[in-house]
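The structure appears right after this line, and notes come after that.
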Amino acid sequence: CTPGPDPMLALTTPLKTRLQALPQLTGWDVRTSTEHADRSVVPAADVRVVGAGASPRSAGVMLEPQWSITLMVRRGDTAAAELDAALDAVVCTLHGWQPGSHGGRGWEPLKLQRITEPVFEDVGLVGYELVFSTAGLYQGQQ
């Protein structure tokens with residue numbers, strides 16, 4: 001393989017930037033798992049890799065990272081409307097988006113895999129976790 005600086009995590013910044021541009025997330029703390037952040041600030045969208053699959057190819061391996069976007073707000077009268085607007089915007093802006101070349105390899109379009117309700121330590125929070133997958137080819141030794 002041709003090593004690079006955190007090639008799988010190279011999509012972190014483009015994903016965060018794309019989410020920060022959404023009007024529905026104005027005022028939200030959009031953060032990643034690799035940066036220092038006050039994790040008590042809400043509403044928030046937390047971006048992280050939660051795992052990856054791998055499909056062997058003759059010339060290498062297709063790595064298939066799964067990106068989690070966890071949306072969280074405080075429970076209250078407007079929580080459902082806030083979450084619904086944020087969820088709609090995130091799905092519409094990420095599903096089918098092709099991030100292009102980052103970390104020395106091209107990435108396939110993102111695909112929404114599932115939406116689940118996360119378990120928060122703070123019972124005053126409510127949210128949804130959206131998991132998207134993509135794929136990039138890692139060249140093996142010839």
Side-chain angles (χ1 to χ4, degrees), residues 1-140:
C1 288
T2 304
D6 300 322
M8 187 171 75
L9 297 178
L11 295 180
T12 303
T13 299
L15 281 167
K16 179 180 176 179
T17 300
R18 194 160 176 88
L19 293 174
Q20 286 175 317
L22 293 172
Q24 297 86 344
L25 296 185
T26 299
W28 286 53
D29 185 27
V30 179
R31 57 193 181 224
T32 71
S33 62
T34 58
E35 65 188 351
H36 290 288
D38 180 355
R39 307 255 173 226
S40 67
V41 175
V42 288
D46 189 78
V47 179
R48 63 185 60 223
V49 173
V50 292
S55 299
R57 301 283 196 261
S58 60
V61 63
M62 188 67 86
L63 191 65
E64 302 159 352
Q66 295 182 342
W67 286 91
S68 165
I69 314 298
T70 303
L71 305 172
M72 60 197 90
V73 299
R74 293 238 174 261
R75 293 182 188 274
D77 295 339
T78 62
E82 288 177 79
L83 277 174
D84 194 38
L87 186 137
D88 182 64
V90 170
V91 169
C92 290
T93 199
L94 292 184
H95 181 75
W97 172 60
Q98 187 162 7
S101 182
H102 296 279
R105 59 192 34 89
W107 293 96
E108 299 290 321
L110 272 71
K111 296 177 190 169
L112 180 63
Q113 298 297 314
R114 67 183 172 278
I115 299 173
T116 57
E117 186 175 11
V119 176
F120 296 116
E121 290 181 23
D122 182 341
V123 295
L125 298 180
V126 63
Y128 285 97
E129 179 184 41
L130 295 81
V131 176
F132 294 86
S133 65
T134 184
L137 181 63
Y138 284 62
Q139 296 289 339

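Only this structure's heavy atoms are used, side chains among them; waters, hydrogens and symmetry mates stay out.
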Would you check if the side chain of His95 reaches a backbone N or O of Leu112 as a donor-acceptor pair within less than 3.5 Å?
-> yes

State, with a plain yes or no, whether a side-chain heavy atom of Val47 is found less than 4.5 Å away from one of Ser68.
-> no

Please examine the side chains of Thr93 and Arg18, heavy atoms only from C-beta on, and report whether any two atoms are closer than 4.5 Å.
-> yes

State, without any angle test, whether Thr134 and Glu108 hold a side-chain donor-acceptor pair at a distance under 3.5 Å.
-> no

Scanning both residues in full, the closest heavy-atom pair of Thr26 with Pro23 reads OG1-O, 2.9 Å

Where do Val91 and Phe132 come nearest, in terms of heavy atoms and distance?
-> CA-CZ, 4.2 Å

Answer yes or no: is there an ion pair linking Asp46 with Arg39, defined by an N-O contact shorter than 4.0 Å?
-> yes

Would you check if the side chain of Arg48 reaches a backbone N or O of Thr34 as a donor-acceptor pair within less than 3.5 Å?
-> no

Do side-chain atoms of Thr17 reach the backbone of Thr13 as a donor and acceptor pair under 3.5 angstrom?
-> yes

Side chains of Met72 and Leu83: does their closest heavy-atom pair fall under 4.5 Å?
-> no

Quick one: closest heavy-atom pair of Glu64 and Ser55, and the distance?
-> OE2-OG, 2.9 Å

Search all heavy atoms of Phe120 against all heavy atoms of Gly127 and return the closest pair with its distance.
-> CE1-N, 3.5 Å

Is any side-chain heavy atom of Leu15 closer than 4.5 Å to a side-chain heavy atom of Trp97?
-> yes

Given the options Leu94, Asp88, Val90, Val30, Leu22 meets side chain to side chain contact (heavy atoms under 4.5 Å, CB included) only with Val90

Quick one: does Leu19's side chain get under 4.5 Å of Ile69's, heavy atoms only?
-> yes

Flag the pair Val126 / Glu117 as yes when at least one side-chain heavy-atom distance between them is below 4.5 Å, and no otherwise.
-> yes

For Gly136 against Met62, the heavy-atom pair lying closest together | C-SD, 3.3 Å

Audit row: Tyr128, Thr116, side chain to side chain contact (heavy atoms under 4.5 Å, CB included) steps and yes/no = CA-CA 6 Å; Tyr128 285 97; Thr116 57; over 6 Å; no

For the residue pair Val131 and Trp67, establish whether any side-chain heavy-atom pair is separated by less than 4.5 Å.
-> no

Taking it one step at a time, do Asp38 and Asp29 satisfy side chain to side chain contact (heavy atoms under 4.5 Å, CB included)?
-> CA-CA 9 Å; Asp38 180 355; Asp29 185 27; 5.8 Å; no

For the student: nearest non-hydrogen atoms of Leu25 and Ala86, plus distance | CD2-CB, 3.7 Å

Side chain to side chain contact (heavy atoms under 4.5 Å, CB included) between Arg74 and Asp122, worked out | CA-CA 9 Å; Arg74 293 238 174 261; Asp122 182 341; 3.1 Å; yes

Just do the side chain to side chain donor-acceptor pair (under 3.5 Å) check on Gln113 and Ser133 with the steps written out, would you?
-> CA-CA 7 Å; Gln113 298 297 314; Ser133 65; 2.8 Å; yes

Output yes when a side-chain donor or acceptor of Arg75 lies under 3.5 Å from a complementary backbone atom of Gly124, and no otherwise.
-> no

Between Leu71 and Trp28, does a side chain to side chain contact (heavy atoms under 4.5 Å, CB included) hold up when you go through it step by step?
-> CA-CA 9 Å; Leu71 305 172; Trp28 286 53; 4.1 Å; yes

Would you mind reporting whether Arg31 and Val41 have side-chain heavy atoms less than 4.5 Å apart?
-> yes

Got a salt bridge between Glu35 and Lys16, using NZ or NE/NH1/NH2 to carboxylate O under 4.0 Å?
-> yes

